[in-house]
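The structure appears below as structure tokens.
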Amino acid sequence: MNNRPLEGVRVADFGWILAGPYATAWLGSLGAEVIRIESQSRLDFHRQNLGAGADGEPGINRGAVFNSLNFSRKSLRLNLSTPRGLELAKDLVRQSDIVMENYAAGVMEKMGLGYETLKAINPGIVMIATSPLGQVGPDHAATGWGPNVQAYAGLPHLTGYEGGAPSGLGGLYPDFMIGTVMAFTALSALHARNRTGEGQYVDLSMAAIVSTMIPEGIMEFAMNGREPPRPGNRSPQKAPRGVYRCSGDDKWASIEVESDEAWQGLASAIGRPEWVGDERFASAEGRRGTHDEIDAAITAWTRERSHYDVMHTLQAAGVAATPCLDPHELLEDEGMADRDLYVEMDHPEVGPRTIAGLPGRYSDIETYDYGPAPLFGQHSEEVCTGLLGLSTEEYEQLVAEEVIW
Amino acid sequence: MATGEGDTADGALSDLRVVEYAQGVTGPFCGKAFADLGADVVKVEPPGGDRSRTHGPFPNDEPHPEKSGRFLYLNTNKRGVTLDIEDEAGRELLRELAASADIFIADLPPTAYGELGLDYETLSARNAGLIMVCASPFGLTGPYRDYQGSAFTAFHIGGMGRETPYNEITDSEAFPPLVDGGDQGDYLTGWTAAIMALIAVFHRSTYGTGQLLDVSAMESVAAMTRMPIASIGYGHEPKISREKANFPWVMPCKDGHVSFAPFLMDHWWRAVVDMMGSPDWAVSEAFATTMGRVQNADVVEPLTVEWLMEHTKQEIYEMALTRNVACFPVNTMEEVLNSRQYAARDFFVDVEHPEAGTQRQPGAAGIYSSTPWAVRRPAPLLGEHTRDVVCGELGRSEEELAASGATGEASG
């Protein structure tokens, strides 16, 4: 199977929590050898799993969040606060192509693993450092998780119910998206190295990544000195647009009318054919002015139907409409079944479990090369006695000395 | 602040040639990821132009096809060609362009590729190494293949709407699932497309073959809502939703809002207690652990908010900065544009454009030490490079150009 395009690439993975592990999930699932450095001295928040262990049992290897992100890699326990642990980490970097990390800015330097140090060890190394606001600049010390950082970037200011407060997004946004950007960035720098032989350091700002994804709001202010409105589910361009109550418990459908033709399709489908020729609704501008009236009519129709019925009926009339799916529904959805995003991944301790893999379908990669999330330190001995060249006695000594920790 | 054209240093992807026949956000944002790192991206538009040209913002709110903020931003660093693919001569030129490309990005309706002779089989017959990205709302196969979709509907069907606003509302009848305010359904799908295309470049080096990439907006959004899926697989009912369960990401303060996460890490909480002046309630053992704070969110949150309401977002942010606590202001667009941190990183760029004038837009999120991100040219005028590409690169005569349906050399 042609699913290991990154065969031969080795990644020293210092990533943790959400974005870092998701970034290296991409690389590991494409054939790179990802070796994640872990330790009790800096245990991943999601190893602690806070009551979310498999089937209600706690355990360092049982966390749903950890295991569903840290697939396709090895786990090497190294206590980086010991000189020997640090030395072994450097040995690993010497033999790696990529270093990934998403600690707060400056943490790698403080540990003695800054880019200048690593570059001296391995001039060809590609290092991707991802932190909330970047490694340089007056506020580089800022710390936090992706969902906090999105606030700095401006996205919650644009998001919220009409007339209400700014709101945070779901999906732990933007952490997983940032993981994808980290992986893209690493591959771009590796691509450059394949051409020039030169490695490099990329200082990625999480907030800046999000700000590059809201140019309309930013340029609205830059051009016209005006803050964009928070329109809830409505749109300044298209009308009607909204989320409508359907039959069933907390079931909803999203509907967006993209064109005047789609409007005619909607009016006919919901039993309002007289609206087709009504001048009040002929343009998006007219429909924005009568949005409440239109919404009442749509809701009267959707309330009597399931959210899937709303999709199928309106789509047949040429209108963009979808159910608002919850996780249980996504797992059952026929459209998702066709995508193979949800995969059963085996795990050495908790067995096979369904999790979300990576998106995308390829004509020449039948499936990503998924491997299980490792047990804590599962590959310590293998990596130490193999790649790092220690004898079994030396390895056992380091375990006793809490270097392998 | 970085300015205008002229930086000629090679970008990381400067050896790649990309042809883009895609409109709106998703495909062009994918193309931009390559263009900004130095790839030669030829953007092909229909004679009427990419629909983004009609999308705001516009300077002084005056719509103009060369002044759309969205278009200018998404197409900086690309060259522009217009071709009429409703005409066979135009389709043939597009096929020739695809034959010259490493990557061809398209967003036609899934059944249109075959009808127009722009399917992967036809195109790869002339260019075996071709990597073709097809972006669509639901993918090239499956029960929803021919359905309409948008950033808005993708966000909702992919499950993010059910989790937005995060942990905030108490009346789920009055507050439906909510979309984000920045068309993230399209932007994040653009990133899925971009990483797949770059993966395929590595794949081609390893295995020697190009391939067809099928990118779905619904699936790209669903990949973000992976935590509740994992919860179900691990035997837990997912707790993430728009309904209030514990701490939201956004909390009010004296002059706006902050995103404050005092509950996640114990050392953050200890620093927050210090920030608040160590009030009696806060030093309680009950709140010393993450579990304790989450389980007592109904006590911790209102008391924390009481303190937040006495301080401005800048005061709170500065206090948090000096104590290494997770806390950011909920920035307005004005504040984003005035960020001292962004300024120090030259994040915004002023791009000079012959029709739109100089416009400020977001620039590099990542600082590359040896292959810098750079503005190399402004977004193309409609048809600006048609003659250069069709005559200069594809070797067509002026007569053939005129007969091909290719139009424009500069917009009027």
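We name chains A, B, ... by the order of the sequence lines, and we start the count at 1 in each one.
Residue contact with chain A, scored on non-hydrogen atoms closer than 4.5 Å, involves the side chain of B:Glu168 exclusively. For B:Pro238, the part lying near chain A is the side chain, with the backbone staying farther off; criterion is any non-hydrogen pair under 4.5 Å. With a 4.5 Å cut-off on non-hydrogen atoms, B:Phe29 touches chain A through its side chain but not through its backbone. In this structure, chain A has a heavy atom under 4.5 Å from the side chain of B:Leu16, while its backbone stays farther away. Of the atoms belonging to A:Ala316, not a single heavy atom falls under 4.5 Å from chain B. For a residue to count as touching a neighbouring chain, one of its non-hydrogen atoms must lie under 4.5 Å from one of that chain's; by this rule B:Ala33 touches chain A with backbone and side chain alike. Using a 4.5 Å cut-off between heavy atoms, B:Phe202 contacts chain A through both its backbone and its side chain. At a 4.5 Å heavy-atom cutoff, the contact between B:Gln359 and chain A is made by side-chain atoms alone. For B:Glu243, the part lying near chain A is the side chain, with the backbone staying farther off; criterion is any non-hydrogen pair under 4.5 Å. For A:Glu220, the parts lying under 4.5 angstrom from a heavy atom of chain B are both the backbone and the side chain. Looking at B:Val179, the atoms closer than 4.5 Å to chain A (heavy atoms on both sides) sit in the backbone and in the side chain alike. If you measure heavy-atom distances from A:Val350 to chain B, the contacts under 4.5 Å come from the side chain alone. Using a 4.5 Å cut-off between heavy atoms, B:His257 contacts chain A through its side chain alone, with no backbone atom that close. At a 4.5 Å heavy-atom cutoff, the contact between A:Leu190 and chain B is made by backbone and side-chain atoms alike.
Residue with the most contacts toward chain B among A:Thr143, A:Asp338, A:Leu158: A:Thr143 (heavy-atom pairs, distance under 4.5 Å).
For A:Asn3 and B:His203, the side-chain atoms include no donor-acceptor pair closer than 3.5 Å.
By the 30° and 60° cut-offs, the orientation of the rings of B:Phe138 relative to B:Tyr147 is perpendicular. Aromatic ring pairs are classed by plane angle as parallel below 30°, tilted from 30° to 60° and perpendicular above 60°; the pair B:Trp268 and A:Trp145 is perpendicular.
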* Asked: After noting the C-alpha distance and the side-chain angles of B:Gln148 and A:Glu258, does the key distance pass the side chain to side chain contact (heavy atoms under 4.5 Å, CB included) rule?
  -> CA-CA 9 Å; B:Gln148 313 277 319; A:Glu258 185 111 41; 5.7 Å; no

